[in-house]
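Here is the naming used below: chain letters follow the sequence lines, and residue numbers restart at 1 for every chain.
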Amino acid sequence: MADTRTTKPGIKRLLITITTLLPFFFGIPLWLNSTQVYRAPLPFKDVDALGSWASENTLLLPCRLNVIFASKDEFLTKPELDSVASQLILHVQSLMGGNSSDHETCQNGFNIQVKYDTENVCLTSGQTLDSPTWPCGLVKYGFFNSAQLSDDILDNVLWNYANKEENESTVQDEGGLYTVVVLRKSQIESLDSFSKDDVSTGGCTNEQSSICKSKTGWSTVVGKYRHAWIIGDFNSSTVESEVVPRIGDVALTFLRGSRSASGRSKARNLPLSAEGEAILSFSLLNADPDTWIFDWDFEELKRQFFQPVVEALSGIARLTIESQVLYYTPKAVQSRWDASLNAHVVAVKQLPFFVNSNEWHLDTSSAAAGRSKLLHFAIYVPGGGEYPLHFLRKNDQLSSTDGFTSPEFESIAGVIVAQLRTLFGLPPILSDDPETGYFSLSPARTGFAEWELDLLLRRRAISDMTAAASTLMSLSRLVQKLSSMVIMDEIGEQVKNSLSAAAAARDHAAHGAYRSTAESASKAASLAEAAFFQPSIMSVLYNPTEHHLAIYTPFFVPVLLHAVLAVIKEASRYRGEWKKFKQKKE
Amino acid sequence: MGKLMVWVGVAVAVTVRFVFAAMGAQERLGRRVEIVTPVTSLKRLAEGQWFKQLGLSPYAGSAYHGSPLLLALLGPMTTVGTGGQTSSRFHSRHVLVMTNLLGALLLLKMGNLVESANVYYLGKLLPDSKKSKPSVKTQVNDIRGHGKLGLGEVAALLYLVNPFTVAVCVGGTTSPVENVLVLLALYGALKGNSPLAAFGWAMSTHLSMYPAVLLIPISILMVAGPDKPQRKLFDHVNKIKTSNPKLKEKKMVGTTSTVQLQWARYRDFLLFSALWWIAILGLSAAALGGYEHLKEMLIETYGFILHVEDLSPNLGLFWYFFTEVFTHFRDFFIMVFHANILFVLVPLTIRLHHRPLFLAYVMVAITTMLKSYPSIGDAAISLGLLGLCTPELADFRFSFFVLNGYLVVAILSPSMYNLWIWRGTGNANFYFAMSLVYACVQSILIVESVGTVIRYDRNLDRLSKLPVQVDSGAQPKED
């Protein structure tokens, strides 16, 4: 090409390259807009405050013990009573201090008040309780007339007495106030008269009364509600050595569910979702319907057995119940015929493989899609070819209940409630112990005594509060660390609500309101959980800032580079041509 | 001879369609993701028809994503009548074969128009040795020789016997209808028929959205007429000829510009477009039962195409990317993917504005490659339009490679799909590799054909600048 040119250089090529590049610049605002991260303001300070509070404290509910020495005559003086009270306080403190764990202490320890209730005298000693306690007047109520009756009746008599006198008070419903009634055996008329007549039987004919079953002459009974009673022989001189340890045992039982430290259950994690929900799913498995088909009237079963349990546990967990009947559900392990036992047996060590998850379609619940925990109770009806079927224990004996627990899996043979207790971390129903004279009453309908529910509420409140605080702290740390994380308004709302629920729980706890404390704490935990597991957070968690480079560069750099290079090339070419044109003109 | 070949070709094409259909190919082809897409599926159309018959919105159940007008047209043929399925399919197949034939006819007509225009403009540009000016028709016959196939006939036959066209027609999709409307728009624009062009454009845009980009080539066709060499060549030739008194005497060239801009025609086109749009929207509203349903229609048709809700595998590039992309980036990349089509419109228009029909082909081909739910039905129409540009594409270089690329995709993509979906021995990458090959083949075809046309223009430039030798009678031939 010549060094000069007569015409102006054309701008077509330059225009084409520029129009290729331009759209990229139009795209920049869109791109910036798409990368903008929305972050709702979070109350970091409040979260930190809650976190630091939770790191030093646990949410403790008050426990109050009201000891009533009921007597017809006066056998204690005021100084003696004071001495018993201080002795008792020291004893309980030493019991609790011995192996205290955070989950099993109360707000300011166990508050103990001792009352002395006779026909004419009403003395009070020890610590003052901030809630109304049973008034004096047990003797006038005619309590001693019924003391020789069965334990169940006595328990109800005491409950009636407490409720009759205090029907204006709300403390009974709130829990945390326990009462121990201490009686002298000699005061109970019928026992007294019997003992005179017939020494050989211990003066006792009533087989339903624990005092008659006891071999020590002492009986301690923990009732279905929030009270216990101790019957024994003592006088003003032996009260400290005989009665105080027994009251201590009762206090420990109320606190831990068992009077011995070793009997404490280890399962503290309730089998519940973060929202405190669980679904009890009952499946009746007919292994071989060709032989026989079992059916059940589940609605009736539910009404009679499960509904009371669900209602009793309503403060601790929201349980829902569903049922199904399945057919053709072979088990996964082979049983073998044991001629000596005359039964088909499955060894205990094979139990982990008993559940045939391939063919037992237990997960049919629509609610299972959520975060609710599912507890499966499967009743397995063996086919005719392997009937009777038993579980063989390690010691070659047949299991008496034929039920077993596996994580998230339950198989039952009529022991559902007992297994529920185990799942909830309570020891099996306290067994009566005639050797030491320690008895307890099992609540027939619900399976959970009220003081046991208190225990669960205490545990749940503590663990919920800890969970809420730690979840919120984790969330706050995460949010502050990852500046590119999207935080929707919803999360801010949930965090705020969780904080206020936590504050409410602390407030309720100070007032000793068990149920509302547990409710608020559970609300705080579930809201914190919901905020933490908000799907919008999760999506960005996998997407750190470094990824942005990896996402944008492969797509844009190759194209953009060529477009920019083309524009530069064309622009320099155009300038060159323009120079040639100008040279010519000059 | 030529006529006979055309008729034989048409007969073969029609017979092939019916033979395949009689062999039950519809069952097989109608399931191929390369042929049927969520927006063109006749099965989904039948679903929409069912909802419509139940008195519900055809978009209920989110199966149907097409126009309510198409539903009114094809819907009654897809329903299972008392006569059973076969009779209804028979009808819809007839309609599809007829649309194929109509498309071929339009291509034939367009080819004839383009051929005449080529002869006319080349005659103006290149020195003509003949003293007497023959009619365009005889010139055309001179160039191609008697008995040879004309441009239109070649394009029509290519379109009709193209296996992709056959498969789409037999498989039962709505793409033939969309294609024929695109062809109608281009034919109307080429012919200068404003109402027809406006109808074709508005209707095809309404049915499948992407033909909206054809507004640019159609406008150029309406204003400046069919493909022709660049204007500067005419200016150059004019200058030479006017400076040469010998030539001026012969009055071969007028002093006015060769290209007459016809703005009045374009104004009519715009007016008619507006009218057709009003009619289409009104009819759609009537079919849906009220104007308040129009928004739903837009969301379910255009919104479905733009937002790429259906990520089932197809020959396109969207599905794989958007199954992988983080939700956070989804919106941005959807914009980027769609913008790819818009990016190239302006540069292409600047470069190829003198060849609007070829520009239309390039745009159709690019949308075929970059649309969210492509099928081989889109390739069928872009290849059909390619047939109209054969004179310019005479020295296309990679034809063997491109042809084999199409073969590879046609053979391997069903087997890869089979390996992935049915046998489970492959994975999504196997099939996406075929999508990539398909995209590569198409982009090579586009780039190379654009390059070839630019080379052709450059050759014309060189030829037209050769010294005019009136007396020697040398007729330069394009190479």
Pairs of heavy atoms under 4.5 Å with chain A: top-ranked of L342(B), V346(B), D331(B): V346(B)

Chain B contact via F24(A) - side chain, backbone, both or neither, heavy atoms under 4.5 Å: both

Aromatic ring pairing Y552(A)/F332(B), orientation class (parallel under 30°, perpendicular over 60°, tilted between): perpendicular

Per-residue contact mode, V344(B) against chain A (heavy atom under 4.5 angstrom): neither

More than 12 heavy atoms from other groups under 6.0 Å of OH on Y327(A): yes

From I16(A) atom CD1 to I350(B) atom CD1, the distance as rounded to the nearest 0.5 Å: 5.5 Å

Within 6.0 Å of CD in E309(B), more than 12 heavy atoms from elsewhere: yes

Residues which pass side-chain hydrogen bond (donor to acceptor under 3.5 Å, both in side chains) with D489(A), listed by chain and number, not counting sequence neighbours: Y38(A)

Pairing residues for R573(A) by the salt bridge (Lys or Arg N to Asp or Glu O under 4.0 Å) criterion, not counting sequence neighbours: E570(A)

Spatial distance of atom CZ (R351(B)) from atom OG1 (T19(A)) [nearest 0.5 Å]: 12.0 Å

Atom CZ of R575(A) with >12 non-hydrogen neighbours under 6.0 angstrom: no

Residues V559(A), F343(B); criterion side chain to side chain contact (heavy atoms under 4.5 Å, CB included); working and verdict: CA-CA 11 Å; V559(A) 183; F343(B) 268 25; 5.8 Å; no

Exceeds 12 heavy-atom contacts within 6.0 angstrom, atom NZ of K569(A): no

